[in-house]
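Computed from a predicted model, the values in this text were never measured in an experiment. Sequence lines set the chain letters: A, B, ... in the order given, protein chains first and strands last, and positions in each chain run from 1.
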Amino acid sequence: MSENNGTSTNFIHSIIEKDLESGKYGGKVITRFPPEPNGYLHIGHAKSICLNFTTAQKYGGKCNLRYDDTNPVKEDVEYINSIEEDVRWLGFEWDERLWASDYFETMYNAAVALINKGKAYVCDLTADEMKTYRGTLTEPGKESPYRSRSLEENLSLFADMKDGKYAEGAKVLRAKIDMSSPNINMRDPIIYRIAHAVHHNTGDEWCIYPMYDFAHPIEDAIEGITHSICTLEFEDHRPLYDWCLREVGWWPTPPQQIEFARLNLTHTVMSKRLLKGLVDDCVVEGWDDPRMPTIAGLRRRGYTPEAIRDFCDRIGVAKSNSTVDVGLLEHCVREDLGGRVESRNVVENPIKVIITNYPEGILEEMEMENNRNVPEMGTRRVPFGREILIDGDDFMEVPSKGYFRLYPGNEVRLKGAYFITCTDAIKDEQGNIVEIHCTYDPQTRSGEGFEGRKVKGTIHWVEATTALPIIVRHYDYLMTDDESGESRINPDSVTEINAFSEPSLTAVRPGDRFQFFRHGYYIADSRLTQGDHRVFNRIVDLKSSFKVTK
RNA sequence: UGGGGUAUAGCCAAGUGGUAAGGCAGUGGAUUCUGAUUCCAUCACUCGCAGGUUCGAAUCCUGCUACCCUAGCCA
């Protein structure tokens, strides 16, 4: 239920509660969501967003939105808007919206402070040389010949770097730690590099940029972040995170980094590289294609922020790599939509039904519930007449075992209308069924309390002369997970189906969601109107334990 | 081969020395004018494996095994 959002606890909460008890941060809890503006947010980011924002809420703290924009060559302002839209759409509001690039001056000063302490030096090694000097996983590295430069020389060289006197790659600033550390991140990591690039925020003010490992702890410290939550792959970087803060020494109570496992989902991919590939190769329409696991894609698909937040709450937060079954996400969506969306009659692969004993030229109005589980959502009137369309799946000439919808000789209820009994299936020369003949029983009209006999099946229908032709789109999973565990692109993940709805769907507005009787939850997509036909995207199907096999 | 992590049901996940929460999926049943929803029941004699400590171990100790991360001037 959406009321459960953010109510679960996890190991990060335990850490925070211990810190609260010990008074480590003076009772404060400040988190942050720090995306690099180099792409669209996906549901994996949603997990991080929910974690950071709800954790702050839970302890009466704050959560900042901070752009980790320390690499001008990969970032772009175009992503900023989408990130803010997505975070807000999910239902969160940041305390402050900040840019790491606004701290460049402080970071530069921190680097100078490190040089002054003899804890950083300018290195002239090329990238290739640096690689060989770094050593391997099993062999220690070698100290750079530039490691012993004097303090004055380092200071002046670093100033020259800042002043643009060197080409990209000519020099870097390195932390002086330990070339023989078993943790490669501690083998004199680069903390500043030269990049003659225009930065979206600072323009050409800087030509040297701090590396993540140096910048991130400082960003956190400047903002007074108490708990810096990131993903597992940064565990090895934590000693460096702590080193930077300790050696710069400007913050008495530095933030602590805590790592958790990123989200993986079955039948999809979360890698930005692969997602971008799908967009670039036109496998999908764009970042907001309804099949994409991006926030924009999920939004266009019709998922609600409540469902996504509920999902993030239910999957939990831990440190083991895991792949969550996408069925859980779908469950969350069904549960949320089931309590807030109106139902409509829509038939796919229609079959014409003629009710032979119903008067010709007459239309009566049937009153139908908008949401059977939520009576307060009221009713609507739907036309009914002699000729109706029913769903292709609701008739079988030769019923399979256990089938209890319409077949010759069987009686079913037309939802909101009458009982009908199939008397005949009319075929063309090729043997295809063109129409079905039925008779109805006037005393079984819906709402009149007929108790004479029961029928097992209830099917939906649309009056033929007032039916509105629409197009529905069904989405299959983006990726197929085969037995080998390999994930590959599902090439046929969109199916368009011609369907007919009751006339009330004429008044639909883009973004309106409905349950199409027994089919699933659908959303009207403003971008997908084809000619006069409104197009509906299937958000998620309904659970069904009976599959029709013809 | 160094270092850092993680192993609890088909999938997630609580649990931190006192006798295995919860959710998803599944199964059986009840209700149903949606084969939906709802409801009830059921679903780990056992916690990666092997030893050990203890009255008592998923929890502590020892030794193994498997998987993930890590050698960008990306984040």
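Nucleic acid contact for A:G141: none, since no nucleic acid atom lies under 4.0 Å from a heavy atom of the residue. Nucleic acid contact class of A:V455 (heavy atoms, under 4.0 Å, all strands): none. Across all strands shown, A:E369 has no heavy atoms under 4.0 Å from either base or sugar-phosphate atoms.
Shown here are the salt bridge (charged side-chain N to carboxylate O under 4.0 Å, His left out) partners of A:E411, two or more places apart in sequence or in another chain: A:R453. By the side-chain contact (heavy atoms from CB on, under 4.5 Å) test, A:D213 pairs with A:H237, A:L240, sequence neighbours left out. Listed by chain and residue number, nothing satisfies the side chain to side chain donor-acceptor pair (under 3.5 Å) test with A:S320 (two or more places apart in sequence, or in another chain). Legend: residues meeting side chain to side chain donor-acceptor pair (under 3.5 Å) with A:E223, ordered by chain and number and at least two apart, are A:N64, A:R66, A:Y103. A:S544 pairs by the side chain to side chain donor-acceptor pair (under 3.5 Å) definition with nothing, not counting sequence neighbours. Here A:C438 pairs with A:V353, A:L406, A:I420, A:C422, A:I436 under the side-chain contact (heavy atoms from CB on, under 4.5 Å) rule; sequence neighbours left out. For the side chain to side chain donor-acceptor pair (under 3.5 Å) test, no residue two or more places apart in sequence or in another chain qualifies with A:D163.
Following rounding to the nearest Å, A:F260 (CZ) and B:G5 (P) show an atom-to-atom distance of 18 Å. Spacing between atom CG of A:D541 and atom P of B:U37 amounts to 11 Å, rounded to whole angstrom units.
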Reading 5' to 3' through nucleotides 67-75 of chain B, protein heavy-atom contacts under 4.0 Å coded B for base, S for sugar-phosphate only, - for none: -SBBBSBBB
Reading nucleotides 20-31 of chain B from the 5' end, what letters show protein touch, with B for base, S for backbone sugar-phosphate only, - for no heavy atom under 4.0 Å? ---SSSS-----
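The side chain of A:S322 places an N or O atom within less than 4.0 Å of a non-bridging phosphate oxygen (OP1 or OP2) of B:A13.
With A:H199 as reference, A:F104 is the one residue of A:F104, A:W99, A:W206 to meet the ring pair (Phe, Tyr, Trp, His ring centres under 6.0 Å) rule.
A donor-acceptor contact under 3.5 Å is formed by the side chain of A:R405 with the base of B:G35.
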